[in-house]
Amino acid sequence: MTAAPGEAGLRRILAVVDLLIDAVDEETLLPALLPSLLRTVPGDSLVWSVRPYLPGEPVVSLPWDLLSAQELAAFAAHRARDPLVAHTTVGSGVPMRRSDLQTRAETWRLGAYAEVYRPIGAEYQLAMAFPAGRGPRGPRSVCCVVNRSARDFDDADLAAAALLRSRLSHALTRLSTEPGPPAAPRGAGDGITPREAAVLDLLARGLTDRQISHRLGVSPRTVDKHLEHAYPKLGAHGRVEAATRWLHRPPPP
C-alpha cells in the first residue's frame with residue numbers, strides 16, 4: 001500500500017496548488033513552481049522538459065546550469081534505450097521510480113548513466129509526464145524528473161507526485177490554451193493588459209490588494225502579480241507611483 005504524504009508534505013502540496021490556481025502565464029509560473037516542486041518531492045535537482053522538443057529551446061532545470069551541452073547531447077544519443085524515458089514518452093507517465101523499472105546494476109550499464117546521470121548526481125530518479133495543452137507544434141506534454149544522489153524515493157514521494165500530476169496538467173493546459181488578453185489602447189501604458197488595467201483602476205481609487213481581489217474574484221497574490229507586471233510598463237517603482245501614473249496617463253487617440 002502506497003504511503004500518503006504526512007502533514008508537512010500536504011502543506012507543501014497545497015503551496016504548489018496555490019501557485020497553479022493563481023498562475024496567469026507559464027513564464028512567471030515556472031520560476032516559482034519548480035523550487036516548490038523540489039520541496040514537495042525533495043531532491044538534489046530537477047529537470048522540466050516540454051515535448052515535442054523544439055530545437056534551440058532550453059531545457060529548464062534546478063539548478064539552472066545542471067546540464068551542459070555535452071550532457072544534453074549524450075542524453076539525446078542514449079534516451080531510446082532508457083526504460084524510464086520510455087515510461088514518460090510512450091508509457092502512462094504516472095510517477096515512477098527508476099528502481100521500479102530496473103536494478104542498480106542495470107542502471108549502471110546504461111549509456112546515459114556514465115555520461116549524464118552519474119556526473120549530475122542522479123543516482124536515483126523519480127519521473128512523471130502529463131498532457132500540457134498545445135504548443136507551436138500541436139498537442140504537447142511535460143516530463144518532470146527529480147534526482148537524488150544518496151537515497152531512493154519512498155512511497156510518500158510517489159503519492160505526493162501523483163497528487164500533483166493531474167493538477168499540473170490542468171493548470172498548464174489552461175495556460176497554453178487560454179487566449180491572451182488583447183493589447184490595451186495606446187496611452188494606457190506600454191503593453192498594459194486589460195487584467196492589469198482593471199487592477200490599476202481599482203488601485204488608483206485607493207483599494208487595497210485584498211479589496212481588489214474581492215472585486216475581481218481573484219486572490220491577493222494574483223493582484224500582486226498583475227501589479228508586478230504593470231510597474232515596469234508604467235515606469236513605476238511602487239504602488240503610489242503606479243497609481244499616480246495610471247491616473248495621469250494620456251488618453252487614447
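These numbers come from a predicted model, not from an experiment.
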When you measure from the side chain of [X] to the backbone of [Y], do you find a donor-acceptor pair of N or O atoms at a distance under 3.5 Å?
{"X": "Arg51", "Y": "Ala129", "value": "no"}
{"X": "Ser36", "Y": "Ala32", "value": "no"}
{"X": "Ser169", "Y": "Pro131", "value": "yes"}
{"X": "Thr173", "Y": "Gly133", "value": "yes"}
{"X": "His87", "Y": "Val94", "value": "yes"}
{"X": "Thr244", "Y": "Val240", "value": "yes"}
{"X": "Lys233", "Y": "Gly191", "value": "yes"}

**Asked** Hey, mind stepping through Leu203 and Trp246 against side chain to side chain contact (heavy atoms under 4.5 Å, CB included) and telling me if it holds?
**Response** CA-CA 9 Å; Leu203 177 71; Trp246 186 247; over 6 Å; no

Give me the atom names and distance for the closest heavy-atom approach of [X] to [Y].
{"X": "Leu66", "Y": "Ser61", "value": "CB-OG, 3.6 Å"}
{"X": "Arg165", "Y": "Pro95", "value": "CD-CD, 3.7 Å"}
{"X": "Val146", "Y": "Gly43", "value": "CG1-CA, 3.8 Å"}
{"X": "Pro83", "Y": "Gln102", "value": "CG-NE2, 3.5 Å"}
{"X": "Cys143", "Y": "Val145", "value": "SG-CG2, 3.7 Å"}
{"X": "Glu115", "Y": "Ala74", "value": "OE1-CB, 3.3 Å"}

**Message:** Taking atom NE2 as the centre, does His170 end up with more than 12 heavy-atom neighbours from other residues, nucleotides or ligands that are less than 6.0 angstrom away?
**Reply:** no

**Prompt:** Within a radius of less than 6.0 Å around CZ of Arg239, do more than 12 heavy atoms belonging to other residues, nucleotides or ligands occur?
**Reply:** yes

To the closest 0.5 Å, what do you measure between [atom1] ([X]) and [atom2] ([Y])?
{"X": "Ser45", "Y": "Leu38", "atom1": "OG", "atom2": "CG", "value": "7.5 Å"}
{"X": "Ile120", "Y": "Gln125", "atom1": "CD1", "atom2": "CD", "value": "7.0 Å"}
{"X": "Glu106", "Y": "Leu101", "atom1": "CD", "atom2": "CG", "value": "10.0 Å"}
{"X": "Met128", "Y": "Leu164", "atom1": "CE", "atom2": "CG", "value": "6.0 Å"}
{"X": "Gln211", "Y": "Leu202", "atom1": "CD", "atom2": "CG", "value": "9.5 Å"}
{"X": "Asn147", "Y": "Phe153", "atom1": "CG", "atom2": "CZ", "value": "6.5 Å"}

Qualifying residues under side chain to side chain donor-acceptor pair (under 3.5 Å), relative to [X], sequence neighbours excluded:
{"X": "Arg12", "value": "none"}
{"X": "Thr40", "value": "none"}
{"X": "Asp18", "value": "none"}

Do [X] and [Y] sit in one hydrophobic cluster, given that two such residues count as connected whenever their side-chain heavy atoms are within less than 4.5 Å of each other, even indirectly?
{"X": "Tyr124", "Y": "Leu126", "value": "yes"}
{"X": "Ile212", "Y": "Leu200", "value": "yes"}
{"X": "Phe75", "Y": "Leu67", "value": "yes"}
{"X": "Val47", "Y": "Leu72", "value": "yes"}
{"X": "Ile192", "Y": "Leu227", "value": "yes"}

Residues forming a salt bridge (Lys or Arg N to Asp or Glu O under 4.0 Å) with [X], sequence neighbours excluded:
{"X": "Arg97", "result": "Asp100, Asp155"}
{"X": "Glu228", "result": "Lys225"}
{"X": "Asp44", "result": "none"}

Mind checking side chain to side chain contact (heavy atoms under 4.5 Å, CB included) for [X] and listing every partner two or more places apart, or none if nothing turns up?
{"X": "Glu26", "result": "Arg140, Leu172, Leu175, Ser176"}
{"X": "Pro35", "result": "Arg39, Leu62"}
{"X": "Leu20", "result": "Val16, Leu29, Leu33, Arg167, Leu168, Ala171"}
{"X": "Pro139", "result": "Arg134"}

**Request:** Scan residues 71-86 for pairs that pass salt bridge (Lys or Arg N to Asp or Glu O under 4.0 Å), counting only residues two or more places apart or in two chains.
**Result:** Asp82-Arg98

**Asked** Can you list every pair that meets salt bridge (Lys or Arg N to Asp or Glu O under 4.0 Å) and has a residue in residues 118-133, with sequence neighbours left out?
**Response** Arg104-Glu123

